[in-house]
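Written below as structure tokens is the structure these notes are about.
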Amino acid sequence: MALEKDDVIVSLVGDADLAAGRQMWASSSSQGHGPDQIGTSWWESAYKAPLPQWIQVDLGSQRTVRRLVLKTPDNWPAQNQTLTVEGSEDGSTFTTILASARYDFTPQTIIDLPGALVRCIRLVFTANNGPGPWGERGAFLSGFEVYGLPGEQPGAEGPPLPEPKKYVGPGRTSLSFGTVRSFVGSVWLNFKGELSWDGTGGYTIDGTLEASSSSDARRSTVWLEYGGESESWKKSSETETSNGRTQKLPIRLTGKLTPGEKLELRLGSWQAGVFGIGAVENSEKQQYVIS
């Protein structure tokens, strides 16, 4: 159960935050402030990425959701954000639970829901009256709590849901992904940067490809692969690492896709071995939908 007093939620024994420890995704994120930072720092939409932006949580199984507690950091000035609450049974098809409304964050807001039975909750932000920490009016959250029926506890995990498509509109979307390859020694690959779209299908990828290796690693060559889902992979320039070295390669790539088409990114590498060149390996694909 829960009581309200002076717009602050007071949790009693038996109440459980159904979103605690659950998988969260977002339409975009600023560097170092992804959905996984909820609760310890904050999530914010990508720098200068236009609204609307969304964040969603997978509750693991279908739950009857009655209340949300949304927070911004305690040391931020009071602000209000306009958002819609959506729900989904499968993580793909969302319906509106609560229509768009403005909520005051002082620094938290409580939203009562009409007992929706859902597995995923998505918040779609369309406006923010106050600047964030660097002056940009994006979407921000430091707390995303979900409560069900009185005394309801998290249930059994259902089948894992696929990662939602990330639609990229005009503006910038933060990119960060990597992989580890073990052949002769270990090699760590990582790419961090931004993806921007000009509004007509043209895109630009700016960032840094970093490759580092263990002291016993042989020479490895790495690159970034990119392109539309329906076309052959294209490659960036390459960099190399071996025997404990760290190499950083600035990358700037451009291309053009039809709006609605997927842009795919992945890391590629090969390593020179004792008996020649090892097989090429690729990381998992990252997909973005140009919208």
Side-chain angles (χ1 to χ4, degrees), residues 16-30 32-46 49-72 81-103 105 108-128 132 138-148 152 154-155 157-169 171 173-177 195 262 286-289 291:
D17 174 14
L18 303 180
R22 298 297 188 181
Q23 176 71 57
M24 292 188 183
W25 294 280
S27 54
S28 70
S29 301
S30 290
H33 289 287
D36 57 335
Q37 295 300 305
I38 290 283
T40 57
S41 177
W42 70 84
W43 163 74
E44 64 176 289
S45 55
L51 298 172
Q53 297 286 328
W54 55 261
I55 184 172
Q56 76 180 56
V57 61
D58 173 14
L59 302 178
S61 58
Q62 291 193 30
R63 320 295 296 173
T64 299
V65 177
R66 300 293 298 271
R67 171 168 293 172
L68 306 179
V69 179
L70 309 179
K71 302 176 181 179
T72 53
Q81 300 187 78
T82 301
L83 60 94
T84 301
V85 181
E86 298 180 344
S88 174
E89 297 179 358
D90 59 7
S92 298
T93 303
F94 285 81
T95 58
T96 300
I97 298 175
L98 281 182
S100 178
R102 190 182 75 175
Y103 298 94
F105 288 78
Q108 72 175 21
T109 189
I110 299 169
I111 303 176
D112 289 317
L113 304 177
L117 181 63
V118 295
R119 175 165 172 173
C120 293
I121 291 287
R122 175 179 286 186
L123 309 176
V124 182
F125 294 80
T126 56
N128 185 349
F140 303 92
L141 273 187
S142 63
F144 184 178
E145 299 175 6
V146 179
Y147 295 90
E152 186 171 13
E157 291 280 350
L161 299 180
E163 184 173 350
K165 297 177 181 177
K166 298 178 181 178
Y167 290 86
V168 181
T173 298
S174 179
L175 302 176
S176 181
F177 57 96
L195 167 64
K262 292 179 183 177
Q286 305 287 317
Q287 292 185 329
Y288 301 84
V289 179
S291 61

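- Residues meeting the salt bridge (charged side-chain N to carboxylate O under 4.0 Å, His left out) test with D58, sequence neighbours left out: R119.
- Contact check for L113 versus L98: side-chain heavy atoms found under the 4.5 Å cut-off.
- Looking at V65, V85, I111 one by one, the single match for side-chain contact (heavy atoms from CB on, under 4.5 Å) with I97 turns out to be V85.
- The closest donor-acceptor contact from the side chain of D17 to the backbone of V146 lies under 3.5 Å.
- With values rounded to the nearest 0.5 angstrom, T72 atom OG1 is found 6.5 Å from F105 atom CZ.
- Rounding to the nearest 0.5 Å gives a distance of 11.5 Å between CG of L161 and CD of E89.
- A donor-acceptor contact closer than 3.5 angstrom is absent between the side chains of E86 and T96.
- Remark: W54 CH2 to R122 CZ distance equals 4.5 Å, nearest 0.5 Å.
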(message) Show, in sequence, the C-alpha distance, side-chain angles and deciding distance for Q53 and S28, and conclude whether the side chain to side chain donor-acceptor pair (under 3.5 Å) test is met.
(response) CA-CA 7 Å; Q53 297 286 328; S28 70; 2.6 Å; yes
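- Side-chain contact between S27 and I55: absent, with no pair of heavy atoms (C-beta onward) separated by less than 4.5 Å.
- Minimum interatomic distance between G143 and I38 (heavy atoms only, all atoms of both residues): CA-CG2, 4.2 Å.
- Here the OG-CG distance, from S142 to L70, works out to 9.5 Å after rounding to the nearest 0.5 Å.
- Contact annotation: the side chain of Q56 approaches that of F94 to within less than 4.5 Å [non-hydrogen atoms, C-beta and beyond].
- The closest donor-acceptor contact from the side chain of Q108 to the backbone of V69 lies at 3.5 Å or more, if one exists at all.
- Of all heavy-atom pairs spanning A139 and W43, the tightest one is CB-CH2, 3.6 Å.
- Atoms OG1 and CZ, on T82 and F125 in that order, are 10.0 Å from each other to the nearest 0.5 Å.
- Of the possible polar contacts, none joining the T64 side chain to the L117 backbone as a donor-acceptor pair under 3.5 Å is found.
- Within the 3.5 Å criterion, the main-chain N or O of W42 finds a donor-acceptor partner in the side chain of H33.
- Inter-residue side-chain proximity for F144 and I121 is flagged as met; some heavy-atom pair is nearer than 4.5 Å.
- Under a 3.5 Å cut-off, the side chain of D112 and the backbone N or O of R67 do not form any donor-acceptor pair.
- Here CG of L51 is found 6.0 Å from OG of S45. Values are rounded to the nearest 0.5 Å.
- A salt bridge links K71 and E145; the closest N-O separation between the charged side-chain nitrogens and carboxylate oxygens is under 4.0 Å.
- For the pair L18 and Y147, the tightest heavy-atom approach, listed with the atom from each and the gap, is CD1-C, 4.3 Å.
- Of all the heavy atoms in V124 and P52, the pair that sits closest is CG1-CB, 4.0 Å.
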